[in-house]
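So the structure is just underneath, and the comments pick up after that.
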Amino acid sequence: MKELPELPDLTGRPAGAIRIGPRAGIVIAMAAFLGLVAFFWPFLVAPGRLGANYAPPLIFGVLLVLVLCVVISEIAEGGINSKALAMLGVLSAVNAALRPLGAGTAGIETVFFVLVLAGRVYGPGFGFTLGCTSLFASALITGGVGPWMPYQMFGCAFVGMLAGLLPRATGRREVMMLAVYGSLSGYLFGFLLNLSFWPFSVDPNSSIAYLPGLPFTEQWQRYLAFDVATSLGWDTGRAVTNFVCITLAGPSVLTTFRRAARKARFRAPVRFAAPSPKAPDVKALDRFGNRRNGDHFFGGSRGLGDARRDGQRWLHRHLGDRTGRPSAPAP
């Protein structure tokens with residue numbers, strides 16, 4: 001049995017290293033909803049209502065960890081093989097090693113551009129999982145384990161997943177689309193993470209502080225002012241870093257990732273072609289008949305025509321016909 005090769009995909013479509021089935025898709029949609037609830041908890045639960053003032057972010061952080069575990073288990077059950085797992089481990093280690101290079105100084109973050117490019121090439125399921133594992137591994141290396149880590153993992157997971165859901169594009173158009181998306185995701189990541197600690201980071205007497213009981217519109221205006229005043233410059237550094245890294249290194253990294261995906265063939269269907277039996281070689285039989293003259297092999301002194309017919313009957317009887325099925329005995 002011979003396995004037929006798979007042609008390379010040059011359309012910019014994700015390779016789909018990790019399959020997302022219908023059930024995993026539903027779980028991810030529910031996780032997205034719970035994640036938004038966890039990020040926007042200051043607008044839903046006031047500090048001190050669930051016990052201590054710091055209880056709400058801790059509770060929602062634990063909830064995010066549980067949700068991430070469920071989502072990753074569903075994705076793994078849907079289809080992650082050893083090749084995808086090896087690629088996931090390598091890129092998680094690369095991202096964990098790249099993160100300390102930026103260290104967040106002036107908003108410079110070197111972890112996002114690999115996440116965006118990998119999610120683009122290997123699909124949304126791979127991007128979601130890579131975002132979780134990259135931030136978890138880098139937190140262990142840099143000592144960044146804390147109540148903020150689940151929010152960072154969840155934010156990066158959706159940055160990688162949405163990169164795999166972007167529309168198809170090729171060439172410079174694809175690189176520019178990913179660079180713009182990387183910049184926007186840098187702003188969105190900072191905007192969401194600020195929500196998790198906003199109620200505890202500013203003097204309550206400040207005009208941009210969180211005040212429980214205010215109407216949603218006024219609370220929202222306060223948060224926008226807080227984000228612009230405290231985080232816009234930091235998020236701009238992250239967005240510029242993503243744009244520059246994807247623009248400069250994007251073409252070569254995309255080519256490398258796609259070459260690895262073609263060689264790994266994560267989702268290549270296994271197709272087997274039945275071997276086609278060779279037809280009897282009549283010319284060789286004629287040469288054999290000419291040498292033997294039909295006297296010794298087939299018995300008797302007969303012409304070449306009789307020797308050819310007898311040879312065909314013998315081959316059909318012992319080797320079968322052209323379809324590979326044995327023939328009935330010749331009369």
Side-chain angles (χ1 to χ4, degrees), residues 25-71 104 107 109 112 124 127-128 131-132 135 144 146-163 165-166 180-240 242:
I26 295 174
V27 172
I28 290 178
M30 295 176 61
F33 174 76
L34 293 177
L36 291 178
V37 171
F39 277 113
F40 284 87
W41 74 264
F43 298 99
L44 303 175
V45 181
R49 182 171 297 181
L50 298 179
N53 289 336
Y54 293 95
L58 294 178
I59 292 175
F60 284 110
V62 173
L63 177 63
L64 287 182
V65 172
L66 296 177
V67 169
L68 290 174
C69 292
V70 172
V71 172
E109 292 280 358
F112 286 92
F128 187 94
C132 295
L135 266 292
W148 55 85
M149 189 181 70
Y151 295 92
Q152 293 178 343
M153 292 172 59
F154 207 85
C156 285
F158 276 92
V159 168
M161 186 187 72
L162 293 178
L165 297 176
L166 294 176
V180 173
Y181 169 74
S183 298
L184 296 178
S185 63
Y187 283 111
L188 182 60
F189 181 80
F191 182 84
L192 291 177
L193 284 186
N194 289 340
L195 281 170
S196 62
F197 62 88
W198 171 45
F200 316 107
S201 59
V202 183
D203 183 9
N205 297 323
S206 174
S207 61
I208 59 175
Y210 171 80
L211 291 180
L214 289 180
F216 176 80
T217 55
E218 187 175 350
Q219 202 80 276
W220 182 254
Q221 292 175 0
R222 282 173 170 263
Y223 177 70
L224 290 180
F226 167 81
D227 185 73
V228 171
T230 63
S231 183
L232 182 61
W234 201 275
D235 296 340
T236 301
R238 184 187 299 113
V240 172
N242 293 344

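In what follows, residues are counted from 1 in the order of the sequence shown. Computed from a predicted structure; not experimentally measured. What you see below is based on every heavy atom in this structure, not just the backbone, and it leaves out hydrogens, waters and symmetry mates.
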Note to self: To the nearest 0.5 Å, what is the distance between CG on L214 and CZ on R222?
What the structure shows: 5.5 Å
Note to self: Return the OH to OG1 distance between Y187 and T236, rounded to the nearest 0.5 Å.
What the structure shows: 3.0 Å
Next item on the list: Dump the intermediate steps for side-chain contact (heavy atoms from CB on, under 4.5 Å) on Y151 and L192, then the final yes or no.
Entry: CA-CA 9 Å; Y151 295 92; L192 291 177; over 6 Å; no
Margin query: As an exercise, state the distance from OG of S207 to CD of Q221, rounded to the nearest 0.5 Å.
Written below: 11.5 Å
Check: Would you say N242 and S185 make side-chain contact, with heavy atoms under 4.5 Å?
Finding: yes
Note to self: Please evaluate residues M149 and L135 with respect to the criterion side-chain contact (heavy atoms from CB on, under 4.5 Å), reporting the C-alpha separation (whole Å), side-chain torsions for both, the decisive distance (0.1 Å), and the verdict.
What the structure shows: CA-CA 8 Å; M149 189 181 70; L135 266 292; 5.8 Å; no
Notebook entry, point to check: Would you say the side-chain atoms of R238 pair up with the backbone N or O of E109, donor to acceptor, closer than 3.5 Å?
Noted result: no
Next item on the list: Describe, in one word, how the ring planes of F158 and F128 are oriented to each other, choosing from parallel (under 30°), tilted (30 to 60°) and perpendicular (over 60°).
Entry: perpendicular
Notebook entry, point to check: Is the backbone of Y210 close enough, under 3.5 Å, to the side chain of Q219 for a donor and an acceptor to pair up by distance?
Noted result: no
Checklist line | Note, I208 side chain near Y223 side chain (heavy atom, < 4.5 Å) | finding: no
Next item on the list: Might you point out which heavy atoms bring C132 and A157 nearest each other, and give the distance in Å?
Entry: SG-CB, 3.6 Å
Check: Roughly how far apart are L188 CG and L162 CG, rounded to 0.5 Å?
Finding: 8.5 Å
Next item on the list: With the side chain counted from C-beta on, respond yes when D227 and D235 share a heavy-atom pair under 4.5 Å apart, and no when they do not.
Entry: yes
Margin query: Donor-acceptor pair, distance only, cut-off 3.5 Å: does the side chain of N194 make one with the backbone of G190?
Written below: yes
Check: How about F112 and Y181: are their ring centres within less than 6.0 Å of each other?
Finding: no
Notebook entry, point to check: Mind checking whether L232 and F191 have side chains closer than 4.5 Å, heavy atoms only?
Noted result: no
